[in-house]
Amino acid sequence: MPELPEVETIRRGLAPLLAGRRFTHVTVRHRGLRWPIAPGFERQLEARAIGAIDRRAKYLLIRCDGGTLIVHLGMSGSLCVVPAATPPGKHDHLDLALDDGRMLRFNDPRRFGSVHWVEDDPLDHPLLATLGPEPLAPGFDGDRLYAETRGRKAAIKQVLMDGHVLAGIGNIYASEALYRAGIHPARSARRVSRARYRLLADAIHTTLDLALAAGGSTLRDFVDATGAPGCFQQQYGVYGKAGQPCERCGSAIRQLRQGQRSTFYCPHCQR
DNA sequence: AATCTTTCCTGCCGGC
DNA sequence: TGCCGGCAGGAAAGAT
């Protein structure tokens with residue numbers, strides 16, 4: 001479900017609901033996430049005042065007094081704020097009760113998501129410390145991307161999805177950005193010119209901005225913190241459209257496999 | 001049965 | 001020889 005625009009949409013939805021709140025009680029029903037929820041996690045969160053809600057790549061950073069809750073939604077995770085008396089569903093693994101009669105609930109059927117409590121700077125956590133630049137932050141541009149990809153023989157699409165090169169670009173938006181930039185997804189990253197990396201950086205920016213404006217994509221049943229679905233998928237140029245005509249040239253969009261993931265592209269527009 | 005949004009880890013290889 | 005980085009594949013688990 002979530003790539004950067006979806007996580008950012010969730011962050012924006014969550015921020016006003018958690019502002020000024022305090023965690024009161026923590027219930028863990030299933031500790032077996034991607035990394036097991038640490039023993040003592042419940043007690044560490046209790047009575048913490050909540051501060052800013054930030055994001056790094058696809059990680060949500062829920063800053064509290066004395067520490068930070070780091071949440072990753074994996075493939076199928078979701079967060080919502082609901083009344084504290086709401087009965088738990090099948091994959092509601094974690095409830096964080098708030099001091100206003102509601103709770104923050106973490107649901108994740110596939111359990112590829114994760115939850116960490118850290119007392120040091122969360123950006124120093126091993127999972128976050130080596131991440132590449134944020135694509136929407138100042139300082140990210142085509143020249144940076146060009147520099148990051150020197151010596152990379154692998155396909156540009158796979159390098160784009162490497163979080164240590166560029167943070168937060170997943171399978172869908174990698175296909176979309178390459179389509180917008182006119183670059184073939186299987187092209188070796190080191191054989192893309194500096195000029196085309198500048199086009200690609202612009203395409204990444206535009207693609208993410210459009211997705212954010214639409215409130216993220218709806219894959220399966222993505223909903224934001226208030227339950228509203230995103231609608232960016234209606235704007236996909238190539239993703240999931242194998243066999244359909246390219247909007248620019250009319251050629252049939254093709255699908256290929258890269259690293260066990262589906263890639264979609266236009267054979268005429270992308271070189 | 002095959003596929004799907006994530007990403008860490010392992011094993012292997014090449015370069016210095 | 002040893003070390004490091006890059007690269008491909010596997011793994012986690014459930015719903016459709």
Side-chain angles (χ1 to χ4, degrees), chain A residues 1-10 29-37 55-60 70-79 88-94 106-116 125-132 135 147-177 185-192 207-208 211-212 214-224 229-236 238-243 255-264:
Chain A
M1 169 178 66
E3 290 194 31
L4 188 152
E6 289 72 43
V7 178
E8 179 63 19
T9 297
I10 291 165
R29 298 190 191 80
H30 202 317
R31 309 194 87 84
L33 303 183
R34 173 153 197 175
W35 288 279
I37 297 179
R55 179 189 57 75
R56 175 74 171 106
K58 298 170 190 169
Y59 292 92
L60 281 168
I70 304 175
V71 180
H72 197 290
L73 299 173
M75 293 274 273
S76 60
S78 62
L79 284 169
K90 190 173 181 184
H91 302 294
D92 291 334
H93 307 310
L94 173 65
F106 175 80
N107 176 286
D108 187 4
R110 292 177 70 177
R111 287 188 271 127
F112 290 1
S114 66
V115 172
H116 293 271
H125 189 278
L127 291 172
L128 281 71
T130 60
L131 289 171
E148 293 278 352
T149 52
R150 291 314 83 200
R152 298 298 295 261
K153 186 180 169 186
I156 178 65
K157 193 244 188 178
Q158 305 222 237
V159 173
L160 261 194
M161 295 202 314
D162 180 346
H164 303 282
V165 171
L166 180 63
I169 303 302
N171 199 42
I172 296 171
Y173 296 108
S175 276
E176 291 297 311
R187 174 174 290 274
S188 173
R190 66 185 179 183
R191 304 240 169 106
V192 176
T207 303
L208 295 180
L212 275 170
S217 301
T218 298
L219 272 173
R220 294 286 186 274
D221 51 0
F222 166 72
V223 292
D224 65 24
C231 47
F232 181 73
Q233 67 171 352
Q234 294 160 9
Q235 299 177 38
Y236 286 163
V238 288
Y239 189 82
K241 299 175 96 169
Q255 176 174 2
L256 59 81
R257 303 288 291 181
Q258 293 180 289
Q260 304 158 31
R261 315 291 298 277
S262 283
T263 301
F264 298 88

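All chains are named by letter (A, B, ...) in the order of the sequence lines, taking the proteins before the strands, and each is independently numbered beginning at 1. Heavy-atom basis, side chains included; hydrogens, waters and symmetry copies ignored. What you are looking at is a predicted structure, and each value in this text was computed from that prediction instead of being measured.
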May I ask you to verify if any side-chain N or O of [X] is less than 4.0 angstrom from the OP1 or OP2 atom of [N]?
{"X": "Ser262(A)", "N": "dC4(B)", "answer": "yes"}
{"X": "Lys90(A)", "N": "dG14(C)", "answer": "no"}
{"X": "His91(A)", "N": "dA15(C)", "answer": "yes"}
{"X": "Gln260(A)", "N": "dG10(C)", "answer": "yes"}
{"X": "Arg261(A)", "N": "dC4(B)", "answer": "no"}
{"X": "Lys153(A)", "N": "dC7(C)", "answer": "no"}

NA contact type, [X], heavy-atom cut-off 4.0 Å: base, sugar-phosphate, or nothing?
{"X": "Gly170(A)", "result": "sugar-phosphate"}
{"X": "Arg257(A)", "result": "sugar-phosphate"}
{"X": "Arg111(A)", "result": "sugar-phosphate"}
{"X": "His164(A)", "result": "sugar-phosphate"}

[X] side-chain proximity, nearest of [options]:
{"X": "Lys58(A)", "options": "dC8(B), dC4(B), dT6(B)", "result": "dT6(B)"}
{"X": "Arg152(A)", "options": "dG6(C), dC8(B), dT6(B)", "result": "dG6(C)"}
{"X": "Arg34(A)", "options": "dG14(C), dT6(B), dC4(B)", "result": "dT6(B)"}

Can you tell me how far [atom2] of [N] sits from [atom1] of [X], to the nearest Å?
{"X": "Arg190(A)", "N": "dG6(C)", "atom1": "CZ", "atom2": "P", "answer": "12 Å"}
{"X": "Tyr173(A)", "N": "dT6(B)", "atom1": "OH", "atom2": "P", "answer": "10 Å"}
{"X": "Gln258(A)", "N": "dA8(C)", "atom1": "CD", "atom2": "C1'", "answer": "13 Å"}
{"X": "Phe112(A)", "N": "dA15(C)", "atom1": "CZ", "atom2": "P", "answer": "13 Å"}
{"X": "Leu128(A)", "N": "dC8(B)", "atom1": "CG", "atom2": "P", "answer": "9 Å"}
{"X": "Asp92(A)", "N": "dG14(C)", "atom1": "CG", "atom2": "P", "answer": "15 Å"}
{"X": "Asp162(A)", "N": "dG5(C)", "atom1": "CG", "atom2": "P", "answer": "13 Å"}
{"X": "Leu33(A)", "N": "dT6(B)", "atom1": "CG", "atom2": "P", "answer": "18 Å"}

Answer with yes or no whether the side chains of [Y] and [X] bring together a donor and an acceptor at under 3.5 Å.
{"X": "Gln258(A)", "Y": "Thr263(A)", "result": "yes"}
{"X": "Arg257(A)", "Y": "Ser262(A)", "result": "yes"}
{"X": "Thr130(A)", "Y": "His164(A)", "result": "yes"}

pair_partner(dG6(C)), Watson-Crick or wobble, both distances < 3.5 Å, evaluates to dC12(B)

With respect to Phe264(A), which candidate in Tyr173(A), Tyr236(A), Tyr239(A) satisfies the ring pair (Phe, Tyr, Trp, His ring centres under 6.0 Å) definition?
Tyr239(A)

Would the distance check show the side chain of Thr149(A) and the main-chain N or O of Arg190(A) forming a donor-acceptor pair, the cut-off being under 3.5 Å?
no

Does atom CZ of Arg29(A) have more than 12 heavy-atom neighbours from other groups under 6.0 Å away?
yes

